[in-house]
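Only one structure is covered here, and it is reproduced in the block below.
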Amino acid sequence: VLKHSVLIATLQHLTAKDTALMALDTHAGAGLYRLDGDYARTSAEADEGILKLASAASNASSPPLPALLQDYLALVQRFNQGAQIRVYPGSPFILQHLLRERDKLKLFELHPTDLRALAGNVAQLNAGRQVAVIQEDGFEGMRRFLPPPSRRALVLCDPSYELKSDYARVPEMLQDALKRFATGTYAVWYPIIPRPEAHDLPRRLKSAATKAGKSWLHASLTVKSGAGARPGLGASGMFLVNPPHTLQAALRESLPRMVELLGQDRNACHQLESGG
């Protein structure tokens, strides 16, 4: 919810300007996900996320959702027929849905199973040359597209962090990207888990942005303590460099509502900070 609502708000802002935009997704995944499939039903994470938002939105006695969450829910519902949400768009499909014909999308995926699923899902879009699916390490592959011809870019970097090395590669990628293309918008998602590398990551990202003299925005959402019996990630963060100037106010309004609606225990909280 945090990652994709921030991604949508960022992209809406960037596509309001006429000039073409290049979007790069360094770890694209399969692109589309069934919420009624065996894997999704076993983890049941959607029940605690998007489906809780949908329930709140349809409850007449509940106050309306903030605009950022309304836009997120509306986009997800466009991938579904009727009121029930059975299909969930991953970041590649969110990006493609909001891009205009003149914009370009580069999707990087190394995992063979996810790559096959992604290529098959993207083929259904009939998007032609607008979308490129690339079997390559996104950390490396994205470098050759910066700076883009239009001098406007959004980079989403959200690796699984199953490889411990990802925690070091993300800030290195950001530092290198800012040298290549200082005015791009960079969005990094990361899990907040009890590992020193995870807690050190935002500090390293702030350092890279500050060193490049760029503004940054950091939002985190905790829905439960990590020690709980329920499956699923308890907390995560989004770190943006050169964020839209409208995003901080939108998050200030939305984060408390996310805590209220998605919080699973008394540890639920949020944080929002900025610099540069």
Review point. Can Val1 and Leu261 be said to form a side-chain contact (heavy atoms from CB on, under 4.5 Å), step by step?
Key: CA-CA 11 Å; Val1 171; Leu261 292 172; over 6 Å; no
**Study point:** Closest approach of Gly29 to Glu109 (non-hydrogen atoms, all atoms of both residues)
**Key:** N-OE1, 2.7 Å
Point to revise | Listed once per pair and sorted, the ring pair (Phe, Tyr, Trp, His ring centres under 6.0 Å) pairs that draw on residues 250-276, sequence neighbours left out | key: none
Study note, to complete from the structure: From the list Leu14, Leu105, Leu98, side-chain contact (heavy atoms from CB on, under 4.5 Å) partner of Leu21 resolves to Leu14
**Study point:** Sequence neighbours excluded - ring pair (Phe, Tyr, Trp, His ring centres under 6.0 Å) pairs with any residue from residues 121-156
**Key:** His27-Phe139
Check your understanding: Considering all heavy atoms of both residues, which atom of Ala9 and which atom of Leu68 are nearest to each other, and what is their separation?
Key -> CB-CD1, 3.7 Å
Check your understanding: Should Gln124 and Asn121 count as side-chain neighbours, where that means a heavy-atom distance under 4.5 Å?
Key -> yes
Point to revise | Pairing of Asp176 and Lys179 as salt bridge, 4.0 angstrom limit | key: no
Review point. What residue pairs, at least two apart or across chains, pass salt bridge (Lys or Arg N to Asp or Glu O under 4.0 Å) with a residue in residues 185-198?
Key: Lys164-Glu197, Arg195-Glu197
Exercise for review: Take Arg204 and Gln175, measure what side-chain contact (heavy atoms from CB on, under 4.5 Å) needs, and give me the verdict at the end.
Suggested key: CA-CA 10 Å; Arg204 295 186 66 186; Gln175 208 166 351; over 6 Å; no
Check your understanding: Is there a donor-acceptor pair closer than 3.5 Å between any side-chain N or O of Arg102 and the backbone N or O of Asp18?
Key -> yes
Practice item. Find the distance between CG (Leu247) and OG (Ser274) and round it off to the nearest 0.5 Å. Key: 10.5 Å
Review point. What is the distance from atom NZ of Lys106 to atom CE of Met142, rounded to the nearest 0.5 Å?
Key: 13.5 Å
Exercise for review: Report yes if the side chains of Ile193 and Leu233 come closer than 4.5 Å at any heavy-atom pair, otherwise no.
Suggested key: yes
**Study point:** ring pair (Phe, Tyr, Trp, His ring centres under 6.0 Å) partners of residues 175-204, not counting sequence neighbours, each pair once
**Key:** Tyr190-His218
Point to revise | By side chain to side chain donor-acceptor pair (under 3.5 Å) - contacts of Ser91 (at least two apart) | key: Asp25
**Study point:** Donor-acceptor pair, side chain of Asp103 and main chain of Ala23, under 3.5 angstrom
**Key:** no
Review point. Are any side-chain N or O atoms of Thr185 and backbone N or O atoms of Asn242, one a donor and one an acceptor, separated by less than 3.5 Å?
Key: yes
Review point. Closest heavy-atom contact between Leu11 and Ile94?
Key: CD2-O, 4.3 Å
Without placing hydrogens or testing angles, list every side-chain donor-acceptor pair under 3.5 Å for residues 206-216, not counting sequence neighbours.
{"residue": "Lys206", "atom": "NZ", "partner": "Glu273", "partner atom": "OE1", "Å": "3.4"}
{"residue": "Lys206", "atom": "NZ", "partner": "Glu273", "partner atom": "OE2", "Å": "2.8"}
{"residue": "Thr210", "atom": "OG1", "partner": "Lys206", "partner atom": "O", "Å": "2.7"}

Check your understanding: Okay, side chain of Asp200, backbone of Pro196: is any donor-acceptor separation there less than 3.5 Å?
Key -> no
Point to revise | Nearest heavy-atom neighbours spanning Ala219 and Leu255 | key: CB-CD1, 4.1 Å
Point to revise | Donor-acceptor pair, side chain of Asn267 and main chain of Lys224, under 3.5 angstrom | key: no
Exercise for review: First locate atom CE of Met258, then atom CG of Leu53, and finally report the distance between them rounded to the nearest 0.5 Å.
Suggested key: 8.0 Å
Review point. Should Leu154 and Leu95 be marked as a side-chain contact (heavy atoms from CB on, under 4.5 Å) after you check the CA-CA gap, both sets of side-chain angles, and the distance that decides it?
Key: CA-CA 10 Å; Leu154 167 64; Leu95 289 162; 4.1 Å; yes
Exercise for review: Taking the side chain as every heavy atom from C-beta outward, state whether Thr10 and Pro243 have any pair of such atoms under 4.5 Å apart.
Suggested key: no
Check your understanding: Do you know which two heavy atoms are closest between Val170 and Pro159, and how far apart they sit?
Key -> CG2-CG, 3.9 Å
Exercise for review: Check whether any side-chain heavy atom of Asp71 lies under 4.5 Å from a side-chain heavy atom of Gln12, and answer yes or no.
Suggested key: yes
Check your understanding: What residues, two or more places apart in sequence or in another chain, satisfy side chain to side chain donor-acceptor pair (under 3.5 Å) together with Arg144?
Key -> Glu136
Practice item. Answer yes or no: is there a side-chain heavy-atom contact under 4.5 Å between Gln96 and Pro89? Key: no
Check your understanding: Do you know which two heavy atoms are closest between Ala28 and Leu118, and how far apart they sit?
Key -> CB-CD2, 3.7 Å
Practice item. Just grab all the salt bridge (Lys or Arg N to Asp or Glu O under 4.0 Å) pairs involving residues 235-244, residues at least two apart or on different chains. Key: none
Exercise for review: Determine whether Gln81 and Arg86 make a side-chain contact, defined as any pair of heavy atoms from C-beta on separated by less than 4.5 Å.
Suggested key: no
Exercise for review: May I ask whether Leu107 and Leu110 are part of the same hydrophobic cluster, defined by side-chain heavy atoms of I, L, V, M, F, W, Y residues being less than 4.5 angstrom apart, directly or through others?
Suggested key: no
Review point. Can you name the residues that form a side-chain contact (heavy atoms from CB on, under 4.5 Å) with Thr113, not counting sequence neighbours?
Key: His111, Arg116
**Study point:** Glu172 bridged to Arg169 by N-O distance under 4.0 Å
**Key:** no
Review point. Mind checking whether Leu272 and Leu217 have side chains closer than 4.5 Å, heavy atoms only?
Key: yes
Study note, to complete from the structure: In short, ring pair (Phe, Tyr, Trp, His ring centres under 6.0 Å) pairs touching residues 57-93 with sequence neighbours left out are His4-Tyr88, Phe79-His97
Review point. For Lys52 and Leu262, what are the C-alpha separation, side-chain angles and deciding distance, and is it a side-chain contact (heavy atoms from CB on, under 4.5 Å)?
Key: CA-CA 7 Å; Lys52 268 193 176 174; Leu262 306 179; 4.0 Å; yes
Exercise for review: Enumerate the residue pairs fulfilling salt bridge (Lys or Arg N to Asp or Glu O under 4.0 Å) with a member in residues 145-160, sequence neighbours excluded, ordered by first and then second residue.
Suggested key: Lys3-Asp158
Check your understanding: Is the closest side-chain heavy-atom distance between Leu146 and Pro148 below 4.5 Å?
Key -> yes
Review point. Which residues pass the side-chain contact (heavy atoms from CB on, under 4.5 Å) test with Ala57, sequence neighbours left out?
Key: Leu65, Leu73
Check your understanding: In Å, rounded to the nearest 0.5 Å, how long is the span from CG of Asp114 to CD of Gln135?
Key -> 11.0 Å
